[in-house]
Amino acid sequence: KIGDIVTFTCNASGDGVNQVSSYEFRYRDDQNAYQTIGLSSQNNNMSLGITVDQPGSYQVQCRACSATTCTDWGQI
């Protein structure tokens, strides 16, 4: 419902997990383009809370980044 905060977690795994330096999240609602939010982390899980500010469906994606590159966006 409007005003609720919904939390999403991005979790990196595999061979390159030790090289992850940050995570980026992006989200959109039914009627708007993606909004990207970059967050720094030194571990393999990073969470982001999004406040529901209008009714409708939301799509959330994340990706893990090293100092030089990021993975493809993945749907959460």
Side-chain angles (χ1 to χ4, degrees):
K1 71 181 182 196
I2 294 179
D4 283 356
I5 297 174
V6 181
T7 301
F8 299 91
T9 301
C10 194
N11 183 5
S13 61
D15 293 339
V17 72
N18 291 334
Q19 304 206 359
V20 172
S21 60
S22 66
Y23 293 90
E24 288 185 331
F25 287 83
R26 69 181 184 177
Y27 70 97
R28 70 179 184 164
D29 58 38
D30 291 341
Q31 304 180 17
N32 293 303
Y34 278 104
Q35 298 179 45
T36 301
I37 302 169
L39 299 172
S40 294
S41 173
Q42 296 301 315
N43 59 35
N44 67 346
N45 292 292
M46 187 52 145
S47 296
L48 171 72
I50 297 172
T51 301
V52 177
D53 59 1
Q54 60 186 19
S57 298
Y58 286 75
Q59 294 178 349
V60 179
Q61 297 179 331
C62 77
R63 64 184 181 176
C65 300
S66 69
T68 58
T69 189
C70 292
T71 63
D72 292 334
W73 288 105
Q75 195 80 17
I76 300 179

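Note that the structure is predicted; figures quoted are calculated from it, not measured.
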Can you tell me how far apart OH (Y23) and OG (S47) are? Round to the nearest 0.5 Å. 10.0 Å
Straight-line distance of I2 CD1 to T51 OG1, nearest 0.5 Å: 11.5 Å
From CD (Q19) to OG1 (T68), nearest 0.5 Å: 8.0 Å
With sequence neighbours left out, write down each residue that passes side chain to side chain donor-acceptor pair (under 3.5 Å) with Q59, or none if nothing qualifies. R28, Y34
Heavy atoms of Y58 and Y27 approach each other most closely as CD2-CD1, 4.2 Å
According to salt bridge (Lys or Arg N to Asp or Glu O under 4.0 Å), who are the partners of R26, at least two apart in sequence or on a separate chain? none
Where is the tightest heavy-atom contact between V20 and A64, given as atom of each residue plus distance? CG2-CB, 4.0 Å
Here the salt bridge (Lys or Arg N to Asp or Glu O under 4.0 Å) pairs for residues 1-12, sequence neighbours left out, are none
Summary of salt bridge (Lys or Arg N to Asp or Glu O under 4.0 Å) pairs that have at least one residue in residues 57-67, sequence neighbours excluded: E24-R63
Not counting sequence neighbours, which residues clear side chain to side chain donor-acceptor pair (under 3.5 Å) with D30? List them please. none
Any link between F8 and W73 through a network of hydrophobic side chains (Ile, Leu, Val, Met, Phe, Trp, Tyr) touching at under 4.5 Å? no
Tell me the closest heavy-atom pair linking V60 and F25, and the distance in Å. CG1-CD2, 4.4 Å
Salt bridge (Lys or Arg N to Asp or Glu O under 4.0 Å): pairs with one or both residues in residues 46-60, sequence neighbours excluded: none
Specify the closest pair of heavy atoms between S21 and A67, including all atoms of both residues, with the distance to one decimal. OG-N, 3.6 Å
Taking CD in Q75 as the centre, count heavy atoms belonging to other residues, nucleotides or ligands within less than 6.0 Å. Is the count above 12? yes
Residues forming a side chain to side chain donor-acceptor pair (under 3.5 Å) with N32, sequence neighbours excluded: D29
Least distance between heavy atoms, G49 atom then I5 atom: CA-CG2, 3.9 Å
